[in-house]
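Here is the structure we will look at.
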Amino acid sequence: MRYTTFAIAAILSLAISVPSASAQKLLKTDGWGSLTGKVTLDGAIPAIVNLVPKMKIHRDGPICCLLGKKNEKIDLTWVVDPKTKGVANVVVWVRAPQDTYLAIKPAKQKRKDTVIIDQPHCQFVPRVSVFNPVYFDGKKEVPTGQKLILRNSAVVAHNIRATAHPIYNEDNSFNVNVPAKSEITKTFNPQPLPVKLQCDFHTWMSAQLFVFNHPYYAITDANGNFTIPEVPAGAEIHIMAWHEGVGYVTPGGKTGGVARALKAGKNVIDFTVKAP
Ligand SMILES: [Cu+2]
């Protein structure tokens, strides 16, 4: 078993090249532009999956789960505005070309905000989050000061099983009980795809957490709209988008994206997500 795990890890480490910090050069850019747009669904809106039947037969149902808000009692993989077909919870970010990194304004290198993922009843809130614990300064990753709190404000115990990438976050996956009215702080290293959070007590509970080493990201709102302010302009970068239901929305996976040089001022890019 030990050898098998070791062999798999060895193969993975060959297949996945973790960028070496020393090989990266600052991407030469000129000014700053905002990146804004809308993500819409192409196809029929997936049916809403009602979680109430599962909650009704769970011992925590009457005392906790069923007391949640409406959006805590449905599956939130697909949240689509019925009028505009805007898709919520799409993560949009930009990626520097290979062997380069993006400049970050000093004001965005330090952060005082905290990412909080709560479990107020029997659903993670919010469903999709982004955490920016470090930024890349050209040589190394430096802490931004941003913290991650995994909170249980419910009256029942939850469990959090975090599945992170085995290479980028070799020691950071965990599985812990979180008693009622308590919280834990954790951290992760940046990785290409989100860390998945689940609760083993309420098996329908699930959340996604992206971890980036830059501030150039946004999550689409209930109407599918997003804005990333102050992105380095004037040089080609890759615009990336991801949705839980389909994975990468943009072509080419983690090394792909939509290549574009932003102009100073406002830039617009829209995406469509194929319905499942
Ligand atoms: Cu739970």
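What you see is a predicted model; the values in this text were computed from it and never measured. Start at 1 and go down the list; that is how both ligands and their atoms are numbered.
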In H158, the N/O/S atom nearest the Cu ion (ligand 1) carries the name ND1

SB check [X] [Y] (cutoff 4.0 Å):
{"X": "E230", "Y": "K105", "result": "yes"}
{"X": "R151", "Y": "D118", "result": "no"}
{"X": "D81", "Y": "K83", "result": "no"}
{"X": "K274", "Y": "D42", "result": "yes"}

From M205, does some N, O or S atom reach closer than 2.8 Å to the Cu ion (ligand 1)? yes

Within C122, is some N, O or S atom less than 2.8 Å away from the Cu ion (ligand 1)? no

Need one value: angle at the Cu ion (ligand 1), C199 atom SG versus H202 atom ND1, rounded to 10 degrees. 110°

